[in-house]
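Reading through the structure tokens given below for one structure.
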2 protein chains.
Amino acid sequence: MDKNLYAHHMATLCRRYDEILEQSGFETLNVFSGAPRMQFLDDNYYPFKVNPHFKALVPITDNPHSWVIYQRGQKPKLLFYRPVDFWHYVPPAPQTFWSDFYDIELLSKPADAQAFLSPENAAFIGESEKLQGWSLGEENPELLINRLHWARAYKTPYEVACLREANRIAINGHRAAEQAFRSGASEFEINQAYLGAAGQGENRMPYGNIVALNEHAAILHYTHLSTERLTEPQLKSFLIDAGADCNGYCSDITRTYAYADNEFAELVTAMDEKQLQLVDGLKPGLPYPELHRQCHLSVGELLAQFDIIKTSAESAVESGLTRPFLPHGLGHFLGLQVHDVGGHQTGPDGGTTPPPAEYPFLRTSRTIEENQVFTIEPGLYFIDSLLGELKDSDLAAEVNWNKVDSFRPYGGVRIEDNIVVHATGNENLSRNP
Amino acid sequence: MDKNLYAHHMATLCRRYDEILEQSGFETLNVFSGAPRMQFLDDNYYPFKVNPHFKALVPITDNPHSWVIYQRGQKPKLLFYRPVDFWHYVPPAPQTFWSDFYDIELLSKPADAQAFLSPENAAFIGESEKLQGWSLGEENPELLINRLHWARAYKTPYEVACLREANRIAINGHRAAEQAFRSGASEFEINQAYLGAAGQGENRMPYGNIVALNEHAAILHYTHLSTERLTEPQLKSFLIDAGADCNGYCSDITRTYAYADNEFAELVTAMDEKQLQLVDGLKPGLPYPELHRQCHLSVGELLAQFDIIKTSAESAVESGLTRPFLPHGLGHFLGLQVHDVGGHQTGPDGGTTPPPAEYPFLRTSRTIEENQVFTIEPGLYFIDSLLGELKDSDLAAEVNWNKVDSFRPYGGVRIEDNIVVHATGNENLSRNP
Ligand SMILES: [Mn+2]
Ligand SMILES: [Mn+2]
Ligand SMILES: [Mn+2]
Ligand SMILES: [Mn+2]
Ligand code: NI
Ligand code: NI
């Protein structure tokens, strides 16, 4: 990564943190990377997942027992855990594009951090389970955290560069996954192909990969990874939702493929066009829920076009008929966390703006602004439980059930890209690698 | 898995549990599978790791919010969590080799379990974090848990069959890993080859795979997985310590390979012979620490044979000179957990028998008995930090440092097998797939 880009990022970050600390009445932030947690009655640990507030300050995701001490107006201090330990891999002392921007102290024992930490006018951000008896300052003050979360929605050019790279890595994975699907691999094998091409393991993925053949595509968070290989006549459809990591930033991309050239393939192509129109709809000043409504209109159009419903798109949106076919939201903020923070936040100080009552799973109720990064992920599914409810409802007569049944074995379609809203227009990170 | 074998296993298990419950003054055991834990300030979870006391009673490792209710003298009840949920994969109601041995109730919500759970004369085993306010009985009573842990050291034929299968799966992985090493793959790629051939993902592995090229083999728990490919002249050695899962039971196998036909290759072959001798040393009635001492004598013999030390094996063991070359223990119990419970337990009711003072990392201080399963994993390493201390010690003059330096780039060697101590002799599960 470019050092000048990082210098600019740190300058922005320090301005933000200085301002937020001053507003919140703190001089110092003590931010803990976290510590791995032991499994119940075992001597093995859960995989380490870094505190997002730690990786917001320094691009380290794999080193527990470390700290950033941020004092208002001063160069941040990094306490980097580096034990003398012949049992475990010990990372080298950092010397890379970001290391000049921190005063780095090496810790040989976790408890050595205490000598550097002061609770005076300080806030602590992290999990304190393993820090009983430490003096760290006020723990996770809500107002301070709200302000930091609000600010994180506006990405710096360095952050966009990281998200771009996380997309490039994921796209390599998606290409390999499609090839594996076309050659008859099982879900488990397709996922292996994805991870291999991305060069990142399961526990580095920003979320559990969804690798779904046929009707599994109708399970929105299907992460089961069957090892069964399907025969060629069995192979119908493939939905993959998988991302990657770059310096702690996430990508989150979904592709859907038809095995044969048939009506489902046409549905995928038609959804792809709608998705790109929705991407173009991301414009500063538009409330995101408005775009979600447009998405339901698009889905209604597809349902009408493919003869799945007998009414117009407008009437389907009005009556709620599109909802069983698209039960999730159009998208969410993306950044250090795959569902990045602040999507429902009313203002810098907090408050919750819920999504429209008819769309409870929409993760973003904010108005679109410059330098924000969103996913756009419309979908259309054939979900047995929701279709069952629909069949029992007043709207059943508006559905062409033969058509529904012919699509059921394909599960569904979702197309998801990651989009930066620049002043000069949108950048689709997932299509131009 | 064979249903009759399981029937026999359940009969043994029920006898044990009935007896232990009676001794401990309880009528009922409420055993919780566990619930996944959320990441800090995120909506993603850590991978689910089942409570070992749950999988000891029923072979389910991937279904949270489930329970086994074991009442003395009665058929155990399984509360199997199976929500109506279009977001997530919902496992089918169990119908397999073990399902006839439980009264199965399906739970559509986690809280529905409460209707089946009674605290009367009951013990609860599990993590209660997500169960605040539930009436579950006495939480994790120490004496009861000690007795269950003690009993788990004696494996039933079904358990041995599971361990055998876990070895078979791992051996497929080890073969693929060796091929990948010989063809110049990176550590990350070798691990991918392993997981692919085992057909099990990273989070199903019983522990973090150790895949170490060259000097990385000197880091005992090296789990870093570099993506760097080494050139042919750089490739020297490869140590892989990796297992697999079968019905919740673990394998734990280590192999070491030399890239070229040289003195390190001879050391690997010589260690392999010593390892097989130590396997033969597993005999009912022998204290495991005695075998650990024999292991140090074997390592002393290798050090003398390869001209690494200038003294006899006996004198090297006596003086402690072998210890920097083998800092870990000879092995441990193996079963539902990779380092299976009870290795330091003094008797059924508890107590701790520490390992000999000079071998603090030895995980087994018990006397070897029939139907126990152990790993046997001698090693010989060239670890910079320990060799540095040795060089500063009185024993420095007994070391041929030129020889040490010539071996350093290879890291070290470990050979690990999984052994069942049958009445009729030992069964090496890792060598006869
Ligand atoms: Mn996604
Ligand atoms: Mn998404
Ligand atoms: Mn091992
Ligand atoms: Mn072991
Ligand atoms: Ni989910
Ligand atoms: Ni370790």
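Please read all numbers here as calculations on a predicted model, not as lab measurements. Just so you know, these numbers use all the heavy atoms, side chains as well, and skip hydrogens, waters and symmetry mates. All chains are named by letter (A, B, ...) in the order of the sequence lines, taking the proteins before the strands, and each is independently numbered beginning at 1.
At a heavy-atom cut-off of under 4.5 Å, chain A is reached by B:F188 from residues 183-191 of chain B, listed in order of number.
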Show me, pair by pair, the donor-acceptor contacts under 3.5 angstrom made by side chains of residues 380-391 of chain B, not counting sequence neighbours?
residue	atom	partner	partner atom	Å
B:Y381	OH	B:H328	NE2	2.6
B:Y381	OH	B:R414	NH1	2.8
B:D384	OD1	B:R408	NH1	2.7

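Ranked by heavy-atom pairs under 4.5 Å with chain B, the list A:G196, A:A218, A:A212 is led by A:G196. Among A:H53, A:E127, A:H339, the residue with the largest count of heavy-atom pairs under 4.5 Å with chain B is A:E127. Counting heavy-atom pairs closer than 4.5 Å to chain A, the top residue among B:D85, B:V341, B:V50, B:N51 is B:N51.
The distance between the ring centers of A:F54 and A:W67 does not fall below 6.0 angstrom.
Side chain to side chain, A:H332 and A:D252 meet the donor-acceptor criterion of an N or O pair below 3.5 Å.
For the pair A:K55 (side chain) and A:G248 (backbone), a donor-acceptor distance under 3.5 Å is present. Although no hydrogens or angles enter the test, the distance criterion places no donor-acceptor pair under 3.5 Å between the side chain of A:N30 and the main chain of A:I125.
B:D340 does not touch chain A: none of its heavy atoms, backbone or side chain, sits under 4.5 Å away. Using a 4.5 Å cut-off between heavy atoms, A:R204 does not touch chain B at all. Interface remark: B:P47 contributes backbone and side-chain atoms alike to the contact with chain A (heavy atom separation under 4.5 Å). For A:Y222, the parts lying near chain B are the backbone and the side chain together; criterion is any non-hydrogen pair under 4.5 Å.
Here A:E202 pairs with B:N203 under the side chain to side chain donor-acceptor pair (under 3.5 Å) rule; sequence neighbours left out. When the salt bridge (charged side-chain N to carboxylate O under 4.0 Å, His left out) test is applied to B:R323, no partner is found at least two apart in sequence or on another chain.
The minimum heavy-atom distance between B:Y81 and B:S108, with the atom names listed, is CE1-O, 3.9 Å.
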Run the salt bridge (Lys or Arg N to Asp or Glu O under 4.0 Å) test on A:D42 and B:K49 for me, step by step, so that the C-alpha distance in whole Å, both residues' side-chain angles and the decisive distance to 0.1 Å come before the verdict. CA-CA 10 Å; A:D42 202 82; B:K49 304 285 179 182; over 6 Å; no
